[in-house]
Structures are given as structure tokens and as C-alpha cells.
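Every heavy atom of this structure was used, including side-chain atoms; hydrogens, water molecules and symmetry mates were not. Every chain is numbered from 1, with letters handed out A, B, ... down the list of sequences. The model shown is predicted, which means the values in this text are computed figures rather than measured ones.
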Number of protein chains: 2
Amino acid sequence: MEEPGQIHSVGVVGTGAWGTVIACLFAGRCAGTVLYARGEDEAALLAKQRENARFLPGVRLPDALAVTADARVALSGADLVVLATPSQRLRENLQRLASALPAGVTLLCASKGIEIGSGLRMSQVIADVLGTGQAVALTLSGPNLSGEIAAGLPAATVVAGPPEHAGRAAAVQALLSNEQLRVYTSDDQPGVELGGALKNVIAIACGVCDGLGYGHNARAGLITRGLAEMTRLAVACGGRPATLAGLAGLGDLLTTVASAASRNYSLGVALGSGTTLAEARAATVHIAEGVPTAHAALDLARRLDVELPITERLCALLDATATPVEGARALMQRALGAE
Amino acid sequence: MEEPGQIHSVGVVGTGAWGTVIACLFAGRCAGTVLYARGEDEAALLAKQRENARFLPGVRLPDALAVTADARVALSGADLVVLATPSQRLRENLQRLASALPAGVTLLCASKGIEIGSGLRMSQVIADVLGTGQAVALTLSGPNLSGEIAAGLPAATVVAGPPEHAGRAAAVQALLSNEQLRVYTSDDQPGVELGGALKNVIAIACGVCDGLGYGHNARAGLITRGLAEMTRLAVACGGRPATLAGLAGLGDLLTTVASAASRNYSLGVALGSGTTLAEARAATVHIAEGVPTAHAALDLARRLDVELPITERLCALLDATATPVEGARALMQRALGAE
């Protein structure tokens, strides 16, 4: 597959907060940027109001950004297609949109997660649906609260892809970088993808620790040991330790546990304060991505013979077979060892 | 030098908050624990009040903990001597106490820093003063706010030493561990010592970022890239990346930037809010350890040909040759690269 040069046209799939912010960023640099909305009504509303009032209120869409519900208009002429849908919907979205995607297009996946059932990373889901010859999947991941990026506060992020497509990652890097957003490239796609998925699991555990009132030492210890187990699993899947210690692993984890808006961290705080998962589920329609990811990660770890003590205790808590205090005690009483 | 077995007698030098907490921890496990205070009056007061009212108010000293101002009583029969003095005073304290130290004693250094002028790590200062044959220096470091440990909240820490003295580190681990404190061993002493010293530099930078109001994304990015540069320098000095990503590097950094009580982080917030270093210095008698360490680290990095972009901009800010905004802009505008 020929490596494309400059990117002239970008299609963005997904009108949540993050998809909208990404579309705005590209529209500022690339005149041919189109945001694809699934419904005609939504597309018409966004095009008329020039604001995503539901997910990103107060941010004006750049005039250069076109909005359409016609997949062919949005995608068939694109050099780059950004996928910013919920991770568990990626497969169905790809199946629906496949015929509109030009052959050899670069896909930039901004969804973070592991597919339930298959255990596949997002780039693997893309390869599974489209075949490896039809498109090149890159990953966008990092400590990126969308509201802060929309407000022009400084941030850094990572574009990862397979080493043989470094040229495509560099083209995205060049286009997406600006004075506020610093973009790094990475050829460790497994590491970047698993960092983004597994940080939600540790964020729940960190919330439990805070819900229990255990303090800064325990929180720092948990994040650190949590990063160690994220790293062990990622390395067993072909990732590199430095990637997990970087923006798409540690960085993203830190942003998640710092944000009261994180569903994963907030769920953990509720669990640590004595709420059960069933009660937390009854109270909200949103489900934290870290819950299915915790079980998927534990399954994967068992197959690969990797120890995930924090994830294991968190799963017991989610399954209501242990209390938060019992989980914490079990972690503290493990056999002493070297770090 | 013969590897000693069990530890029967512990002497603790340093009556600050951390030295006092360490003495309390050892006294709970080892009847022969003595806290050494420099002055007769201070020793008498601690022994009578059974409280360190100045540095650790509200915490009762265990009955088993003896207090003395007689170095020979405190140290000459000890199997283990803990050094918990300010890092820049370690050399003078060792010179004063050397004659009271038994030959072959294990020293556990809890001070974090790089000696100004010499650029030596604490274990190197010990070797420089005592000679390598006279004592074995171990290091105690990790995310350990003393107030939380005194309150019995859960925490983890690291005891590091040279590989050939793993038995001594394991003996300290066994003695210091309890249900609240999880102790890991490490044979990467350079990594552990540099983690504890360099985290103060990044903590100042993180405070600057927060003082500027740059948000969670920028903070997470700065901590992550800060850890990357701590790691580069530590590796150039013989440390391992995993050590810096562990409790004594990342973990300690996280506790420091989470604590309003940290002098380093607070200094950064003040600098980011427009206060100059000279003004901050005039307002307090305390000097943040990260200020001299930043310059010492930059000197060391230049000798070793290691890039420390954050530390370099922080030094320019400390020297008042750049504003916080200029420093941040310079970091965001560096050449784009791979992570």
C-alpha cells in the first residue's frame, strides 16, 4: 500500500464531545474536513446551530467544518477518517460504513477499549472487519479531556501505528499539532491501545481507594502498582514498558483519576464508599468502560500467565464476592517481594 | 563483610517528622530502638512528653522507644542506623557521629537529595565520609507522607541497596513491614536515590503548570514527560527505567504534587502565579530541596549529554531569565518527535 503524502480531506465519525473537538482541530488546519452525524436531524441541527449543544456546549464549530449525514459525502473522498464512536460500537459502525471508505484510507481510531467477547484491541477490530489490505489503522490516545482541548489549554497526545506506516502517523502528527496541542508519534500500537483501555480499570480501583479515605500515600502506591500491572499485561501483548509509562498510559491514567467527570473514577469512589455495582448501575444509564475491560483484562492475563493483583481484587469487588476493605487488605498482605 | 541476620537494635538519627515516624515503626517491632536527638534538652523533652510536639503533634511515642542525646548509647550497639536528617546536612552529621558507629553497621538513609557542590547521591556521600568498608548504606524512599503513616493509613515504600547486600535489605523489609506498610526491596540504588531527588524538581514544574491554570491535561502531560526526563538522567547514572516508573520515582512524585504541604509543589504554584523566587524566598525560611537539585541535575545532565527540557526551562524560571508562560511555550514548541 502506497504511503500517502499530505492530508487534504478528513472525515470524522462520531459526534460526541471528543469527536466534535477532533473535527474542530482538523478543520482549523484542513479545509476539507467533514463531521459525519448518523441522523439527518442531528446533522441539520449541528450545521444550523454551529454548536454541539448536547455534548460540547459553548464551543463554536469553525465555519470551515462541514456537517453531513451522508456517509459517502463525508468519507469517500477522505485521505483520513477519524473514528470516535464508543468502543463497543466500533464493529457495527465499521460494517455500516465500510462501503463508503476509499481503498487504502488511513483510519485514526480515537476510541479506547477492548472489545467484549473477542478481547480484540480497536485496531484489531478494524483489521477483522475491513481486512488488513483495505485500510491502515492508526490510534489516537493520551491525556485529553475534551473540554480543556476545546478551551485551548495546552495538552499532549500520541498517534500510534505499525512501524511500516510511520509516514502516515507523521502526516497526522504534522496536521494535528498546533501551539496548544503537542503530538507525539509511536510505533508501539499494542502498548498505546492497551494503555488507553487498562487505565479505566486502575481508575476505578483508585476511586475505591479514595472512597475508603486511604489518603495520598495509598493513592500514589495504587497508581504506581496499577501502572506496573498495566505494563505487565501490555508487554505480554507485544507492547513496550516506556509506552505505558508515557502519555497514552500513565498520562491518560492521571487525567482520568484527576477528573470528577470520569465515570470510571466516580464509580470507584461510590464502590469504596459502600455502594454496590448493582446500586451504581441502577442510578445511571451510563456504564463505565472499565467494568467490562476489567473482566476482559483478567481473562487475557490468565491466558498469558500474567499476574494482575489489583484487577483481580477489583473484579471480586465488582462481582460482589469481596468488600473494598477485604480487597485492600488482600493487596497489602501479599507476599513481600522486590519491586 | 559478613551479612548480618536479624536486627535486634535500631538507632534513628533525626527528630523531624519522618525520623520520628520511622523510630515509632521500628519500636513497634524491635524492642531495642533508640531515637537520637542532637540536644540534651530536646531528648529530655521527647522522653518526658512522649510526643514530638514540634514536628509530629498528636502522635504518642511508643513506650518501647528510648530517646537519648548520647550518640554512643544510641548507635554503638545498633545493628541498623537510620539517617533521617536534611540531605545537605548528611555529611556533617556523619562526620560527627562516625566514631559512635559500629564497624559493619547497616545504614538506612531516608534523606532525599543530591549533595550541592559534589553532585553525590546520599549513599555516595556515606561512602565518601565513612569509606566503603566501614558500613553498608541502604536507601529508604517512596510515597510516604509521614502524617499519613503515623495515622496508620496504608502505604508502600522501597528499601534499596547494592545487589551484594540483598540480605540486609530483606532484613529491613521483614522488620519494617506491617499490615499498613508494604515494603518492597530493590537492588537499583542509583534509580531509587535519583527518583527521590529529581521528583522535587518536577514537582516544582507541576506547581508552575497549576499556578498558570493550565488544567488536568497539561498537568498529566508534564508529570509524564517529567518522569521521562527523570528516567533518562537516572539511566545515564546506572539506574533502571522500571525503578523510576515505580514507588520511589513516579509514586513519590505523585504524592508530592498531591500535597499542598509540599514546599516544592507550593513554590511552583507561587512561581506560576507570578511570584519570583526571590519573593518566595523572602516569605519563608524554608528552602525547597528541588531548587538546588534542579541546577545540580542540569549540570549532571550536561556532563552526561542527557536532555532535560523541563528542568532546563525551570532553571531559567528560577534564575529569572524567563517567565512561566515563556517556559511553557518553549516546551510546547520543541521539535515534534516520537515518544
Side-chain angles (χ1 to χ4, degrees), chain A residues 142-145 148-149 151 153-158 170 173-174 177 179-188 209 213-221 223-225 227-228 231 241-255 258-259 328-329 331-334 336-339, chain B residues 142-145 148-149 151 153-156 158 166 170 173-174 177 179-188 209 213-221 223-225 227-228 231 241-255 258-259 328-329 331-334 336-339:
Chain A
N144 303 139
L145 297 175
E148 290 190 2
I149 298 210
L153 290 172
T157 194
V158 178
Q173 175 187 44
S177 298
E179 286 193 10
Q180 278 73 47
L181 184 62
R182 191 166 163 77
V183 182
Y184 291 81
T185 56
S186 169
D187 61 6
D188 179 10
C209 179
Y214 279 174
H216 294 305
N217 291 345
R219 179 186 165 100
I223 292 173
T224 305
R225 297 306 302 170
L227 177 63
T231 304
T243 303
L244 278 292
L247 294 166
L250 171 64
D252 198 359
L253 175 58
L254 292 180
T255 303
S259 167
R329 197 175 296 144
L331 286 174
M332 291 298 287
Q333 291 177 348
R334 298 179 64 235
L336 295 171
E339 202 187 13
Chain B
N144 302 138
L145 298 175
E148 290 191 2
I149 298 209
L153 289 171
V158 178
Q173 175 186 44
S177 298
E179 286 193 8
Q180 278 72 47
L181 185 62
R182 192 166 162 77
V183 182
Y184 290 81
T185 56
S186 169
D187 61 6
D188 180 10
C209 179
Y214 279 174
H216 294 306
N217 291 345
R219 179 187 166 99
I223 292 172
T224 305
R225 298 304 303 170
L227 176 63
T231 304
T243 303
L244 279 292
L247 294 165
L250 170 63
D252 199 0
L253 174 58
L254 292 180
T255 304
S259 168
R329 196 175 295 144
L331 286 175
M332 291 298 287
Q333 292 178 347
R334 298 178 64 234
L336 294 172
E339 200 186 15

**Q** Could you tell me which portion of B:Leu181 (side chain, backbone, both or neither) has an atom closer than 4.5 angstrom to a non-hydrogen atom of chain A?
**A** backbone

**Q** Sort A:Val158 into side chain, backbone, both or neither according to what part of it lies under 4.5 angstrom from a heavy atom of chain B.
**A** side chain

**Q** Heavy-atom pairs under 4.5 Å with chain B - which of A:Gln173, A:His216, A:Glu179 has more of them than the others?
**A** A:His216

**Q** Heavy-atom cut-off 4.5 Å, strictly under: side chain, backbone, both or neither for A:Ala156 against chain B?
**A** neither

**Q** Heavy-atom pairs under 4.5 Å with chain A: which of B:Gln180, B:Arg225, B:Gln333 has the most?
**A** B:Arg225

**Q** Let's test your reading of the structure: which of B:Ala338, B:Ala248, B:Ser186, B:Ala174 forms the most heavy-atom pairs below 4.5 Å with chain A?
**A** B:Ala338

**Q** So for B:Ala258, is it side chain, backbone, both, or neither that comes closer than 4.5 Å to the heavy atoms of chain A?
**A** both

**Q** Quick one: side-chain hydrogen bond (donor to acceptor under 3.5 Å, both in side chains) partners of B:Thr231, sequence neighbours excluded?
**A** none

**Q** Which of the residues B:Gly142, B:Gly213, B:Pro143, B:Ser177 is involved in the greatest number of heavy-atom pairs with chain A at under 4.5 angstrom?
**A** B:Pro143

**Q** Using the test side-chain hydrogen bond (donor to acceptor under 3.5 Å, both in side chains), find all partners of A:Thr157 that sit at least two apart in sequence or belong to another chain.
**A** A:Asn144

**Q** For A:Thr224, run the side-chain contact (heavy atoms from CB on, under 4.5 Å) check against B:Leu250, B:Thr255, B:Asp252 and tell me which one passes.
**A** B:Leu250

**Q** Any side-chain heavy atom of B:Asn217 within less than 4.5 Å of one from A:Ile149?
**A** yes

**Q** Heavy-atom distance under 4.5 Å to chain B: side chain of A:Pro154, backbone, both or neither?
**A** both

**Q** Taking A:Glu339 for the side chain and B:Leu247 for the main chain, is one N or O donor matched with an acceptor at less than 3.5 Å?
**A** yes

**Q** Which bit of A:Leu331 comes within less than 4.5 Å of chain B, counting heavy atoms only: side chain, backbone, both or neither?
**A** backbone

**Q** Closest approach of A:Met332 and B:Arg182, non-hydrogen atoms and distance?
**A** O-NH1, 3.4 Å

**Q** Indicate the atoms forming the closest heavy-atom contact of B:Gly251 with A:Ala220, along with that distance.
**A** O-CB, 3.3 Å

**Q** Please classify the contact of A:Leu145 with chain B as side chain, backbone, both or neither, using a heavy-atom distance under 4.5 Å.
**A** both

**Q** As an exercise, state the distance from CZ of B:Arg219 to CD of A:Glu148, rounded to the nearest 0.5 Å.
**A** 11.5 Å

**Q** Select, from A:Gly246, A:Ala245, A:Gly249, the one with the greatest count of heavy-atom pairs under 4.5 Å involving chain B.
**A** A:Gly246

